[in-house]
Amino acid sequence: MLGNFTYCNPTKLYFGKDALNGLNEELPKYGKNVLLVYGGGSIKKNGIYDKVVAILKANGKNVYEDAGVMPNPTVEKLNEGIERAKKAKADLILAVGGGSVCDYAKAVSVSVNCNDDAWDKYFIRFEEPTCDIIPVGCVLTMVGTGSEMNGGSVITNHAQKLKIGHVFWEKVFPKFSVMNPEFTFTLPEYQMVSGIYDIMSHILEQYFSGTDDNTSDYIMEGLLRSLIHSADIAVENPADYEARSNIMWTATWALNTLVAKGKSTDWMVHMLGQAVAAYTDATHGMTLAAVTMPYYKYILPYGTAKFARYAVNVWNVNPKGKTQEQIANEGLTAMEKWMRKIGLVMNITELGATKEMLDGMVKSTLVMDGGYKVMNEKDIRAVLQESF
Ligand code: NZQ
Ligand code: ZN
């Protein structure tokens, strides 16, 4: 049965080859000072930076820059960004990049006018902002996180060995996002594939929960089929616009809060992956891929019927004459084969994790209670151990 919910997604999207023109519609809505936030320089190499700055100038904006947002943005960088935004008296924060840049922009946006320590308030105590929030807009260049249309913001604190995400309420969602699939063509294959798995994991972690008949589960099966189909094409030919645009759109729907409405959700693959990243700083989607099989094999006995449904509806497993358990296992086998085929990292050793990190990673794993099994420390240790 669908639980009770409210649903609101205020982000306006501009999608397609001309999407950047959307900036001309959006920029006049905000004051003169724009803080342009970006990463390590990919946007300078591929020309997106020049295009964005030209539009900002044409709209009469004062452009202030905050560059060097790293993948898995850190709390130190966040504190630097807060100071930069203050100095610029930013009226709009324009994030041009992937999930890291968009997440970071949101974290800065809720912290500039906040008197509290941002890390403690938002990422340890999970409080909502009580101060004025600076509006954020995004120009997306890397596909996977869904950050372009959600309130998620993930920050890493290396000193505390924690990588933590806060899912903020709607006021923190980007006001608008520009999504041109061609902007993702310059992504290295490793990043593209990592993003594809991030999308898949977002869907699966909302799918593997509950025993009710829920519309969202049917939507998610459709999204998964589309994703697998397009991923196969994109891996063969990264410049296939049709496949890349479908992947981009699937990413948004995977995590713009819609499919979670009215149902419980799991999220343990992300909690495990984030603990691995807190120790290794590895690429987000790869941390998820590396713990996925051990985790799903571990919880399969607690949710066998759903795993069997997944096998049939997503992986076309023929159920005839087989037990639910056999069907469910065949589904995971098909998924594992596909994951290896598209080039995902299937163990945490390859990501730099060592046995000495195990105790710490177990402690850094937050426990969620919406999946088929509420994990205890022993369970988490077993899954991580299996992930080496
Ligand atoms: O920094 P630059 O030079 O731009 O390079 C980036 C970076 O090295 C590069 N890149 C991005 N667009 C490119 C490009 N290279 C060439 N051409 C382009 N068009 O790709 C690298 C990775 O970028 P990043 O933004 O880190 O990737 P992603 O989008 O996967 O974001 C990862 C972050 O998002 C968080 C993750 O935890 C991680 O911190 N997440 C955010 C979520 C949310 N907001 O809801 C949910 C996700 O589960 C995730 O946790
Ligand atoms: Zn993710």
Side-chain angles (χ1 to χ4, degrees), residues 11 37-49 51-52 66-75 77-78 95-107 123 136 138-157 162-168 172-174 177-206 238 244 247-248 251-252 254-257 260 265 267-278 280-289 291-292 366:
T11 304
V37 176
Y38 57 97
S42 68
I43 65 164
K44 290 208 164 160
K45 285 193 209 122
N46 60 24
I48 297 172
Y49 173 90
K51 287 181 188 152
V52 169
D66 182 4
V69 179
M70 60 293 283
N72 307 323
T74 63
V75 67
K77 178 66 187 165
L78 168 60
V96 185
S100 294
V101 174
C102 299
D103 279 18
Y104 168 86
K106 289 179 223 171
F123 299 93
V136 169
C138 302
V139 176
L140 196 66
T141 67
M142 152 88 197
V143 169
T145 65
S147 190
E148 67 277 9
M149 203 185 192
N150 70 34
S153 175
V154 185
I155 298 294
T156 298
N157 187 322
L162 290 172
K163 179 180 182 187
I164 295 185
H166 185 145
V167 181
F168 288 103
V172 188
F173 282 38
S177 284
V178 168
M179 300 170 67
N180 180 344
E182 286 180 337
F183 285 2
T184 69
F185 283 5
T186 52
L187 273 171
E189 185 167 342
Y190 188 85
Q191 292 294 341
M192 178 185 78
V193 172
S194 169
I196 287 169
Y197 193 72
D198 193 18
I199 305 167
M200 180 172 250
S201 197
H202 293 158
I203 302 171
L204 293 180
E205 293 179 67
Q206 297 169 97
R244 296 301 288 273
I247 294 169
M248 192 176 220
T252 305
L255 201 56
N256 70 358
T257 75
T265 51
W267 292 118
M268 278 313 297
V269 169
H270 267 68
M271 296 307 108
L272 290 157
Q274 283 174 200
V276 172
T280 61
D281 207 25
T283 299
H284 175 61
M286 293 307 187
T287 65
L288 308 176
V291 301
T292 278
L366 302 187

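Note that this is a predicted model, so its numbers are computed, not measured. Atoms within each ligand, like the ligands themselves, are counted from 1 in listed order. Sequential numbering from 1 along the given sequence is applied to the chain's residues.
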Give the atoms of ligand 1, by number and element, whose distance to some non-hydrogen atom of Lys163 is under 4.0 Å. 36 (C), 37 (O), 38 (C), 39 (O)
Ignoring hydrogens and geometry, is there a side-chain-to-backbone donor-acceptor pair from Lys106 to Ser147 under 3.5 Å? yes
To the nearest 0.5 Å, what is the distance between CE on Met268 and OG1 on Thr292? 12.0 Å
Between the main-chain N or O of Met149 and the side-chain N or O of Asn256, is there a donor-acceptor pair closer than 3.5 Å? no
Would you mind checking which non-hydrogen protein atom is closest to atom 34 (O) of ligand 1, with the distance to 0.1 Å? Thr145 CG2, 3.4 Å
Per-atom contacts of ligand 1 with Asp103, taking only distances under 4.0 Å to non-hydrogen atoms: 34 (O), 35 (C), 40 (N), 41 (C), 42 (C), 43 (C), 44 (N)
Atom 4 (O) of ligand 1: closest protein heavy atom, distance to 0.1 Å, is Ser42 OG, 2.7 Å
For NE2 in His270 and NE2 in His202, the angle at the Zn ion (ligand 2) (nearest 10°) is 90°
So, Arg244 side chain and Pro238 main chain: donor-acceptor pair closer than 3.5 Å or not? yes
Taking only non-hydrogen atoms of Ser147 and a 4.0 Å limit, the atoms of ligand 1 in range are 44 (N)
Can you tell me if Ser194 uses its side chain to pair, donor with acceptor, with the backbone of Tyr190 under 3.5 Å? no
the protein heavy atom lying closest to atom 9 (C) of ligand 1 turns out to be Leu187 CD2, 4.3 Å
Applying a heavy-atom cut-off of 4.0 Å, say which part of Thr156 lies close to ligand 1: side chain, backbone, both or neither. neither
Side-chain contact, heavy-atom cut-off 4.5 Å: Tyr104 with Asp66? yes
Go through ligand 1 atom by atom and flag the ones less than 4.0 Å from a non-hydrogen atom of Leu255. 45 (O), 46 (C)
Take every heavy atom of Lys45, measure it against each atom of ligand 1, and state whether any distance is under 4.0 Å. no
Is the shortest N/O to N/O distance between Pro73 and ligand 1 below 3.5 Å? no
Within the 3.5 Å criterion, strictly below it, is a donor on Thr141 or Tyr38 matched to an acceptor on the partner's side chain? no
Give a yes or no on whether the backbone of Pro174 and the side-chain of Thr11 come within a donor-acceptor separation of less than 3.5 Å. yes
Contacting atoms of ligand 1, where contact means under 4.0 angstrom from a heavy atom of His270: 48 (O)
Element-labelled atoms of ligand 1 that are located less than 4.0 Å from some non-hydrogen atom of Asn72: 38 (C), 39 (O)
Is there a donor-acceptor pair under 3.5 Å between the side chain of Ser201 and the backbone N or O of Tyr197? no
Nearest-neighbour protein heavy atom for atom 1 (O) of ligand 1, which is reported as residue plus atom name and distance: Gly40 N, 2.7 Å
From the options Lys44, Glu205, Gln191, Met192, select the one whose nearest heavy atom is closest to atom 20 (O) of ligand 1. Gln191
Are any of the N/O atoms on Ser100, whether in the backbone or the side chain, positioned under 3.5 angstrom from an N/O atom of ligand 1? yes
How close do Ser100 and Met70 get, counting heavy atoms only, and between which atoms? CB-O, 3.6 Å
Mind reading off the angle at the Zn ion (ligand 2) between the OD1 atom of Asp198 and the NE2 atom of His284, rounded to 10°? 90°
How close does the nearest protein non-hydrogen atom get to atom 16 (C) of ligand 1, and which residue and atom is it? Thr186 O, 3.4 Å
Plane angle bin for His202 and His270 - parallel if under 30°, tilted between 30 and 60°, otherwise perpendicular: tilted
Check each heavy atom of Val167 against ligand 1 and say whether those closer than 4.0 Å belong to the side chain, the backbone, both or neither. neither
With heavy-atom distances below 4.0 Å as the criterion, list the atoms of ligand 1 near Phe183. 19 (N)
Among protein heavy atoms, which sits nearest to atom 36 (C) of ligand 1, and what does the distance come to when rounded to 0.1 Å? His284 CG, 3.6 Å
Kindly give the heavy-atom pair with the smallest separation between Phe168 and Ser153, and that separation in Å. CE1-CB, 3.8 Å
For Gly146, is the nearest heavy atom under 4.0 Å from an atom of ligand 1? no
Would you mind checking which non-hydrogen protein atom is closest to atom 30 (O) of ligand 1, with the distance to 0.1 Å? Met142 CE, 3.5 Å
Passing candidate, side-chain hydrogen bond (donor to acceptor under 3.5 Å, both in side chains) with Asn72, options Asp103, Asp281, Thr287: Asp281
Flag, side chain of Gln191 to backbone of Thr186, donor-acceptor distance under 3.5 Å: no
For atom 7 (C) of ligand 1, what's the nearest protein heavy atom and its distance? Pro71 CG, 3.9 Å
Any idea which atoms of ligand 1 are less than 4.0 Å away from a heavy-atom of Gly39? 1 (O)
Glu205 side chain vs Val269 backbone, donor-acceptor pair below 3.5 Å: yes
Minimum distance, heavy atoms only, to atom 47 (C) of ligand 1: which one of His202, Glu148, Met70, His166 is it? His202
